[in-house]
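Have a look at the structure below before the remarks.
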2 protein chains.
Amino acid sequence: MFSKACEYGIKAMIYIAQQDGTRRVGLKQIAEATDSPVAFTAKILQTLVRDGVLVSIKGPSGGFNLSRDAEKINLAHIVKAIDGDEIFIGCGLGLEKCDGSRPCPVHFKFASVRDGLSAMLHSTTLKEMADGLDAGKVYLTH
Amino acid sequence: MFSKACEYGIKAMIYIAQQDGTRRVGLKQIAEATDSPVAFTAKILQTLVRDGVLVSIKGPSGGFNLSRDAEKINLAHIVKAIDGDEIFIGCGLGLEKCDGSRPCPVHFKFASVRDGLSAMLHSTTLKEMADGLDAGKVYLTH
DNA sequence: ATAATAAAGGATAAAAATATCCGAAATAAA
DNA sequence: TTTATTTCGGATATTTTTATCCTTTATTAT
Ligand code: FES
Ligand code: FES
């Protein structure tokens, strides 16, 4: 469904959101908390910094924090920054583009599922996810 | 969403289903009709033959046909044969397994979308897809 | 029987995704 | 100012996915 990079990215962002907004979170801490490879996570966080949804500070006591409130960042934004928008608008059978005026055989059934996924990702914020973690109802690792 | 192999496999199966059940369909014809690479398509069809959902016959006038009626083959079967069942049961954030008793942050929202996709794939038959093609309402290529 | 045809299967090749390593740059603390 | 820390960015390595090639095997038609 999502790439590994995207899975790591979402987990990292949820973890950062869970930490107090003022406190900075370091790469190693993030990678450990999300059970993700450190160096690969670094690359993904760089992508999110370039995208502008994440802020990084170098040096001692440096680290990462969200560029805006956790309730103002949704999962769709993160997915799009890392995996692009294929999952939101792409054809289920890989046709060049999903086009209702020249639909593939699965179009009508697939597009509604895909749009449901898109709506879910757009409406789900980091705040909700972080709150679930705080409440001990959900987990970032197995 | 699906692998390229799976996209090619689904398109190939729909195309084969569209052809008269008695007539055999050759590899090159399938690859051309579905705009897929010939040799790679061959590999995927081999997988489906081994799975038992497709039958192949060698030699002149050989080719492929479905092992049973097109209305008795659903898309989920094909997807599972090629991509496995990760998409049906896997965790959205890549945790080892999706486990409602130890859910990841996206579990409750993700699982319902994923289960909707699964239901769609299970309830959609090759016959429906082939009929749409016959009616000229849908297309296998862009 | 022989030749032609078509899928099977094994060996590679190419491309993309995943993952690691290390020196450079920035920053804060000593 | 020096040192330690931490991210950045480029290079490289590994693994998986995608794709091709070629020989073998089965089958049909001549
Ligand atoms: S054309 Fe294939 S999903 Fe829309
Ligand atoms: S545990 Fe992640 S989707 Fe169920």
Side-chain angles (χ1 to χ4, degrees), chain A residues 1-13 16 19 22-32 34-67 79 81-84 86-87 90 93-94, chain B residues 1-13 15-16 19 23-32 34-67 79 81-84 86-87 90 93-94:
Chain A
M1 185 74 76
F2 307 120
S3 68
K4 278 286 165 198
C6 195
E7 291 173 357
Y8 298 153
I10 294 171
K11 286 195 284 190
M13 289 295 279
I16 295 166
Q19 308 308 114
T22 59
R23 199 184 327 161
R24 247 157 236 157
V25 196
L27 169 64
K28 276 182 289 190
Q29 184 186 348
I30 295 168
E32 180 168 32
T34 59
D35 199 29
S36 307
V38 178
F40 193 34
T41 299
K43 293 297 189 201
I44 298 155
L45 295 184
Q46 280 174 41
T47 299
L48 293 170
V49 168
R50 274 190 298 264
D51 175 82
V53 76
L54 191 62
V55 172
S56 71
I57 309 221
K58 293 180 184 174
S61 84
F64 299 86
N65 47 45
L66 304 183
S67 69
V79 171
I82 299 172
D83 278 353
E86 185 69 16
I87 197 147
L93 296 186
Chain B
M1 183 75 76
F2 307 120
S3 69
K4 277 288 165 196
C6 195
E7 291 174 358
Y8 298 153
I10 294 171
K11 287 195 282 190
M13 289 296 279
Y15 179 73
I16 295 166
Q19 309 307 115
R23 197 183 328 160
R24 246 157 237 157
V25 196
L27 169 65
K28 276 182 290 190
Q29 185 185 349
I30 295 168
E32 181 167 32
T34 58
D35 198 30
S36 306
V38 178
F40 193 35
T41 300
K43 293 298 187 200
I44 297 155
L45 296 184
Q46 281 174 40
T47 299
L48 293 170
V49 168
R50 274 191 296 265
D51 176 81
V53 76
L54 191 62
V55 172
S56 71
I57 308 220
K58 292 181 184 174
S61 86
F64 298 87
N65 47 45
L66 304 183
S67 69
V79 171
I82 298 171
D83 278 354
E86 185 69 16
I87 197 145
L93 295 186

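Chain naming here is simple, since letters A, B, ... match the order of the sequence lines and numbering starts at 1 in each.
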Candidates B:Ile16, B:Val55, B:Ile57 - the one meeting side-chain contact (heavy atoms from CB on, under 4.5 Å) with B:Arg24: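 The side-chain contact (heavy atoms from CB on, under 4.5 Å) with B:Arg24 is passed solely by B:Ile57 among B:Ile16, B:Val55, B:Ile57.
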With rounding to the nearest 0.5 angstrom, report the [atom1] to [atom2] distance, [X] to [Y].
X	Y	atom1	atom2	result
B:Gln29	B:Phe64	CD	CZ	11.5 Å
A:Arg50	A:Leu45	CZ	CG	11.0 Å
A:Asp83	A:Glu7	CG	CD	9.0 Å

Could you tell me how far apart [X] ([atom1]) and [N] ([atom2]) are, to the nearest whole angstrom?
X	N	atom1	atom2	answer
A:Ile82	C:dA16	CD1	C1'	17 Å
B:Asp83	D:dT17	CG	C1'	11 Å
B:Ile57	C:dA8	CD1	C1'	14 Å
B:Lys4	D:dT18	NZ	P	8 Å
A:Gln46	D:dA11	CD	P	14 Å
A:Phe64	D:dT5	CZ	P	18 Å
B:Asn65	C:dA6	CG	P	15 Å
A:Lys58	D:dC8	NZ	P	7 Å

Is there a side-chain polar atom (N or O) of [X] under 4.0 Å from OP1 or OP2 of [N]?
X	N	value
B:Ser61	D:dT27	no
A:Tyr8	C:dT18	no
B:Ser56	C:dA8	yes

DNA chain D nearest-nucleotide lookup for B:Gly62 and A:Val49: closer to the 5′ end is A:Val49
B:Leu66 vs B:Val53, side-chain contact (heavy atoms from CB on, under 4.5 Å): CA-CA, chis, key distance, verdict: CA-CA 6 Å; B:Leu66 304 183; B:Val53 76; over 6 Å; no
What contact category does [X] fall into here, base, sugar-phosphate, or nothing, at under 4.0 angstrom with non-hydrogen atoms?
X	result
A:Arg24	nothing
B:Leu45	nothing
B:Lys28	nothing

The answer to which of B:Lys43 and B:Gly26 contacts DNA chain C further toward the 5' end, by nearest nucleotide, is B:Gly26
Between A:Cys6 and A:Gly59, who's closer to the 5' end of DNA chain C by nearest nucleotide?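 With A:Cys6 and A:Gly59 compared, the 5'-side residue is A:Cys6.
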